[in-house]
Q: 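To start, I am sharing the structure in question, which I have written as structure tokens.
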Amino acid sequence: MLSKRQQTISFEKTYAEIFTFDNGTEVKEFHVMIHVKDPHHTFHEQLEAVLETYADLRTHYLDNAEAVFKRYFLSDSANQQDEVFVADASECAKSVIQQPPLDGTKICLWAYMQTAVLTRILPSGLYETRHGAYRHLWNGSSHNLAANSEYQTRLLLNEYVMQLLEEGCKLSENCIRTWFFVNDVDLNYGGVVRARNNVFFTQDMTPNTHFIASTGIGGRQADTNVLAQMDNYAIDGISKDQIHFLYAQTHLNRTSDYGVSFERGTYVDYADRRHVFISGTASINNKGQIMYPGDIRKQTHRMWENVEMLLKEADCTYDEVGEMVVYLRDIADYQVVKELYEERFGGKPLVIVNAPVCRSGWLVEMECMAVKEISGNSFAPF
């Protein structure tokens with residue numbers, strides 16, 4: 001019997017928002033968002049509290065589930081990033097990025113966790129999560145120091161193509177989701193777009209075939225010369241019949257209409273569940289125009305409506321959403337957006353961070369993942 005629930009657990013120095021998906025099979029899934037309560041503590045103290053909470057949750061609440069992917073949201077990567085990598089030695093893909101949590105703390109952790117899976121790092125540098133017929137290949141914090149954002153992104157993608165090839169996979173057939181974090185997004189996003197368009201074309205991905213669900217957003221590493229960081233997720237053992245793309249054409253246009261190459265969303269079907277990946281989504285209409293310029297409340301509501309329509313296309317609702325990441329350009333909008341989310345989605349694993357969207361007129365953007373129980377197809381179970 002399906003068990004799907006969200007709960008908030010309070011600890012002395014932190015609190016954790018948890019989404020659980022349990023359909024009675026071996027693999028339970030958890031999305032966990034760990035927040036610090038008191039912003040007055042040092043970064044070391046806050047990081048220590050987050051890691052202690054994570055260990056406690058894993059042992060006492062999450063059936064010793066394994067982390068398959070983690071993202072640390074930091075307030076000051078130059079002074080914090082190295083300590084995170086030293087302190088967290090878990091064998092999973094880790095994304096560490098400066099996108100300050102807007103509750104005033106220095107750190108927030110999102111962890112995606114599963115039971116009954118085996119995890120390891122591969123010689124290719126990708127992190128493998130294995131169960132049944134599938135190998136789930138995750139990667140985080142990839143970067144290089146090429147001359148500009150276009151060259152850095154091209155090198156990132158070309159290296160990723162080679163990593164996938166080493167695992168018997170292809171970018172066009174196996175990659176499900178990417179994230180691009182762009183240092184000074186207003187200046188450097190154009191280079192990311194040009195490189196992605198170019199590499200995708202060489203990999204037989206065009207507006208007439210398909211792209212990949214993605215988020216392109218402001219964010220930076222400790223080294224200011226890193227202009228683009230990439231995180232990614234691919235699946236070995238998947239067939240093209242299991243992968244579906246989301247468009248919501250009554251509300252959104254194709255990204256290729258304005259020269260960008262990503263899908264609005266993607267869902268993947270297994271015998272026992274459906275995974276839905278919603279790309280970074282903002283207040284836009286089906287002509288590619290920004291809706292409600294300058295109005296954070298109306299932009300938030302239109303963004304929710306757009307995401308809702310993408311989820312509906314995957315036969316899902318917000319009830320199936322396991323986590324949300326919300327990006328704000330202007331920190332002064334935090335209190336308004338926080339109250340809106342609390343009213344509608346209270347208790348959902350959620351973080352609101354300071355990260356400018358790729359078009360300056362967009363004040364807010366969100367991404368999310370969802371999971372839904374399904375049956376009746378011939379695919380292998382998750």
Side-chain angles (χ1 to χ4, degrees), residues 99-100 102 149 153 177-197 200 207 211-220 228 245-266 277-313 318 321 324-341 343-345 350-368:
Q99 289 181 329
L102 286 175
S149 63
T153 304
R177 183 71 163 91
T178 63
W179 292 262
F180 290 93
F181 301 104
V182 187
N183 188 354
D184 195 346
V185 69
D186 295 328
L187 179 65
N188 292 312
Y189 185 67
V192 173
V193 168
R194 289 189 295 273
R196 183 170 55 185
N197 290 350
F200 280 9
F211 297 122
I212 297 166
S214 189
T215 296
I217 199 77
R220 56 161 287 184
F245 303 103
L246 302 171
Y247 302 103
Q249 291 181 325
T250 59
H251 283 62
L252 299 158
N253 68 328
R254 293 291 301 274
T255 63
S256 55
D257 292 349
Y258 48 89
V260 185
S261 48
F262 70 92
E263 296 294 352
R264 298 292 187 186
T266 301
F277 303 86
I278 302 298
S279 301
T281 302
S283 177
I284 190 172
N285 65 15
N286 62 2
K287 294 180 174 57
Q289 300 165 331
I290 296 173
M291 296 290 287
Y292 311 115
D295 190 325
I296 187 62
R297 292 180 183 275
K298 288 184 177 180
Q299 283 204 18
T300 300
H301 282 284
R302 174 64 189 212
M303 175 185 69
W304 286 347
E305 186 178 341
N306 288 345
V307 171
E308 190 169 29
M309 296 306 293
L310 290 166
L311 291 168
K312 183 178 180 181
E313 210 166 277
Y318 278 115
V321 169
M324 297 175 172
V325 181
V326 182
Y327 304 103
L328 292 185
R329 170 173 285 270
D330 185 354
I331 62 175
D333 287 328
Y334 170 65
Q335 197 60 39
V336 170
V337 173
K338 174 177 176 285
E339 290 171 2
L340 289 171
Y341 269 87
E343 182 178 352
R344 182 166 183 182
F345 302 111
L350 164 75
V351 63
I352 304 175
V353 298
N354 179 213
V357 185
C358 61
R359 286 166 70 177
S360 58
W362 280 327
L363 306 177
V364 58
E365 179 171 295
M366 71 171 283
E367 63 177 63
C368 61

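Only heavy atoms go into these numbers, but all of them, side chains included; no hydrogens, no water, no symmetry mates. Only a predicted model underlies this, so the values are computations on that prediction, with no experimental measurement involved.
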Q: Atom CZ in R297, atom CD in E339: separation rounded to 0.5 Å?
A: 7.0 Å
Q: Within a strict 4.5 Å, meaning less than it, do heavy atoms of the I278 and L246 side chains meet?
A: yes
Q: Q99 side chain to G218 main-chain N or O, any donor-acceptor pair under 3.5 Å?
A: yes
Q: Do the side chain of Q299 and the main chain of Y292 share a donor and acceptor less than 3.5 angstrom apart?
A: yes
Q: Is there side-chain contact between L310 and L252, with heavy atoms separated by less than 4.5 Å?
A: yes
Q: How many angstroms lie between atom CE of M366 and atom CE of M303, to the nearest 0.5 angstrom?
A: 6.0 Å
Q: Measuring only between side-chain heavy atoms, which start at C-beta, is V326 closer than 4.5 Å to V364?
A: yes
Q: Please answer whether the main-chain N or O of W304 pairs with a side-chain N or O of Y318 as donor and acceptor at a distance below 3.5 Å.
A: yes
Q: Could you tell me the separation between the CG atom of D333 and the OG1 atom of T300, rounded to the nearest 0.5 Å?
A: 8.0 Å
Q: Identify the heavy atoms of V185 and I217 that sit nearest to each other, and give their distance.
A: CG2-C, 4.2 Å
Q: Which of these passes side chain to side chain contact (heavy atoms under 4.5 Å, CB included) with T215: F180, Y327, F262?
A: Y327
Q: Rounded at 0.5 Å granularity, tell me how far CG in N306 sits from OG1 in T250.
A: 8.5 Å
Q: What residues form a side chain to side chain contact (heavy atoms under 4.5 Å, CB included) with L187, not counting sequence neighbours?
A: D184
Q: Given 3.5 Å as the limit, does a donor-acceptor pair link the side chain of S279 with the main chain of A213, or not?
A: no
Q: Would a distance-only check, ignoring hydrogens and angles, find a side-chain to backbone donor-acceptor pair under 3.5 Å from T178 to S214?
A: no
Q: Return the CG to NZ distance between L363 and K298, rounded to the nearest 0.5 Å.
A: 13.0 Å
Q: Can you name the side chain to side chain contact (heavy atoms under 4.5 Å, CB included) partners of A282, sequence neighbours left out?
A: W362, E365
Q: Using a strict cut-off of less than 4.0 Å between a Lys/Arg side-chain nitrogen and an Asp/Glu carboxylate oxygen, indicate whether D295 and R302 qualify as a salt bridge.
A: no
Q: Determine yes or no for a side-chain-to-main-chain donor-acceptor pair under 3.5 angstrom, with D186 supplying the side chain and S360 the backbone.
A: no
Q: Closest heavy-atom contact between Y189 and G216?
A: CE1-CA, 4.1 Å
Q: Return the orientation label for the F345 and Y341 ring planes: parallel under 30°, perpendicular over 60°, tilted otherwise.
A: tilted
Q: Please find the pair of heavy atoms, one from Y258 and one from I284, that lie closest to each other, and give the distance.
A: OH-CD1, 3.9 Å
Q: So do the side chains of E263 and R254 get within less than 4.5 Å of each other, counting heavy atoms only?
A: yes
Q: How many angstroms lie between atom NE2 of H301 and atom CD of E305, to the nearest 0.5 angstrom?
A: 10.5 Å
Q: With a 4.0 Å cut-off, would you call R264 and E313 a salt bridge?
A: no
Q: Using a 3.5 Å distance criterion without hydrogens, assess whether the side chain of N285 forms a donor-acceptor pair with backbone atoms of I290.
A: no
Q: Mind listing the closest non-hydrogen atom pair of R177 and G280 along with its distance?
A: NH2-N, 4.3 Å
Q: Looking at every heavy atom in both N197 and G259, which two are closest together, and how far apart are they?
A: ND2-O, 2.9 Å
Q: Return yes if a side-chain donor-acceptor contact under 3.5 Å exists between S149 and R194, otherwise no.
A: no
Q: Is there a donor-acceptor contact under 3.5 Å from the side chain of N188 to the main chain of N183?
A: yes
Q: Which heavy atom of V321 sits nearest a heavy atom of C368, and at what distance?
A: CG1-CB, 3.8 Å
